[in-house]
**Student:** 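What follows is a single structure, and I will ask about it in a moment.
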Amino acid sequence: MATVEQNPLTEGLERLPVHPTTLVIFGGTGDLAKRKLLPAIYNLAHEGALPERFNLIAVSRSDIPHGDYQAMAREVIQEFSRRPPDPKVLDRLLENVRYVPGTFDDDSMYERLKECLEKFDEDGGLVFNRAFYLSTAPQFFSVIVGKLGEHGLNESPESEVRVVIEKPIGTNLAEARELNQAVLSVLREDQVFRIDHYLGKETVQNTMALRFANGLFEPIWNRNYIDYVQITAAEDLGVGTRAGYYDTSGALRDLVQNHMLQLLALLCMEPPVTFSADDVRDEKVKVLHAIHPPTVEEVPDMTVRSQYAQGMSGGQGVPGYLDEADVPKGSRTETFAALRLEVDNWRWAGVPIYLRTGKRLARKITEIAVTLKPVPHLAFEQQGSVGVQPNQLIMTMQPNEGVAISIGAKIPGTRMRIRPVNMEFLYGTAFLSQSPEAYERLILDAMRGDATLFTRVDEVEAQWRIIDPILQGWAQDDSPLPQYPAGSSGPEEANGILREGHRWRTI
Ligand code: BG6
């Protein structure tokens, strides 16, 4: 058997050339920086995928010296890195880490930041590219970008300046537009990298590979053969310590507006002419534009929202959403949302696309299931056939990454009896390697200036155009919110949006 070293399929992130870069993380002591960004940067260093010369500056409010920040970074990398850190790689990475304390509206902080950036250039004898990563609460996005502009940090004559913005981009279409305008009054669109971390997941990108690198699927990828599509992003965890943010967001804004609509767009888009950032994003935007946003009147028929009540998770009793820390009394924020959408174009007209997401469901699973139409005539029926089901193609984004096709097969024996069986491809077995974390790929791409896996301004706005009327419809409806027990598959009411003969897959 081939060893891991010999297997050409085990390659991780390639060592693509990246110009020397100084990465600045605003919100450097925040949860995202600790759990995701710093470990991702370490893993890039470990793979030799960071630029040869790389510096990191963290900006945050706490007034601590560089040394304390470096110690904190070491600790969180040791805790959250997907591979055990190599002390030599970690020491080398931390050598070039600096910390700039200050609030995001404080002009003197930007001056100190500028000095720190220039010092790296001076010591390095070259002008580093600059990447500013806004890992802060959303209210600071436009403040920070504005200040970068005022302090001349939005451009550099001799190097590239890029800004990475986390979600959420606004909480509705009007706010998203306002923020986009504020950002684009200081930066060019090609300097802006709006993160949707689902696009950094290998399995999400594999949707494109599956569709466009195989002759098998594309001929049937349309309304003539596909009966319906189901996209599920279920989580077993509850709101945890994030109620402050989550209660103002809810499942629709938190996951549907961004991650789930991206999955839908990748699944439904036309083949792009090339895989360049704009060709791919042009096709995704066309799909989003082809989705008929429900009118406020259609909202009850096309959507369901719900909140988790107390129940069981991992064998333990867990509280309902309203009893979680920091959730306001009587909150009507949904922790589950399900939608029936349609893409009104020649390829997809009439095919329901169901989306469903929720916290505290039975398990963590993100998948796309494409169900084909039933065969036109079932000749086996008279002979006692059992369990003939329409074919399903299931793309599992997480946790058991892979693709499965359910096909009808003959049960061994004298009778012509049929049952569904699975043909399966699993990443873990096929590639013998652990997929890089989404943030590793995205940080690297942002530093390289490749925006293919980031959302463009018109894409974000097209997403909000679908979500806005649902939010309005829900705001006008004060009937009691359906509940589902923690640890279940969600509320019964979710069945109400399904067309006849369609079923949710078990979570
Ligand atoms: C984030 C949401 O964007 O995605 C979280 O804000 C959610 O609420 C998370 O838990 C899910 O991401 P993943 O990668 O764990 O599926």
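Counting convention: from 1, in listed order, for ligands and their atoms alike.
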**Student:** Tell me whether the rings of Phe454 and Phe193 are parallel (<30°), tilted (30 to 60°) or perpendicular (>60°).
**Tutor:** perpendicular
**Student:** Distance under 4.0 Å to a non-hydrogen atom of Lys359: what atoms of ligand 1 satisfy this?
**Tutor:** 5 (C), 7 (C), 8 (O), 10 (O)
**Student:** Please list the nearest protein heavy atom to atom 13 (P) of ligand 1 with its residue and the distance rounded to 0.1 Å.
**Tutor:** Lys364 NZ, 3.3 Å
**Student:** Is the side chain of Asn180 donor-acceptor paired with the backbone N or O of Ala176 at a distance under 3.5 Å, no angle test?
**Tutor:** yes
**Student:** Using a 3.5 Å cut-off on N or O atoms only, is Thr366 in polar contact with ligand 1?
**Tutor:** no
**Student:** Side chains of Glu175 and Thr171: any donor to acceptor distance under 3.5 Å?
**Tutor:** yes
**Student:** What protein heavy atom sits nearest atom 16 (O) of ligand 1, and how far away is it?
**Tutor:** Tyr198 OH, 2.4 Å
**Student:** Which residue holds the protein heavy atom closest to atom 12 (O) of ligand 1, what is that atom called, and what is the gap in Å?
**Tutor:** His197 NE2, 3.2 Å
**Student:** Quick one: does any side-chain atom of Asn391 pair with a main-chain N or O of Ser406 as donor and acceptor, under 3.5 Å?
**Tutor:** yes
**Student:** Can you tell me which residue and heavy atom of the protein come closest to atom 10 (O) of ligand 1, and the distance to 0.1 Å?
**Tutor:** Glu235 OE1, 2.5 Å
**Student:** State whether the side chain of Thr232 and the backbone N or O of Ala234 hold a donor-acceptor pair below 3.5 Å, judged by distance alone.
**Tutor:** no
**Student:** Measuring from non-hydrogen atoms of Asp254 to any atom of ligand 1, is the shortest distance under 4.0 Å?
**Tutor:** yes
**Student:** Run down the list Lys36, Lys201, Gln398 and name the one with the heavy atom closest to atom 14 (O) of ligand 1.
**Tutor:** Lys201
**Student:** I need the contact type for Tyr246 against ligand 1. Using non-hydrogen atoms and a strict under-4.0 Å cut-off, is it side chain, backbone, both or neither?
**Tutor:** neither
**Student:** Does the side chain of Leu38 reach to within under 4.5 Å of the side chain of Val76, using non-hydrogen atoms?
**Tutor:** yes
**Student:** Taking the basic N atoms (NZ, or NE/NH1/NH2) and the acidic carboxylate oxygens, is any pair closer than 4.0 Å for Asp31 and Arg242?
**Tutor:** no
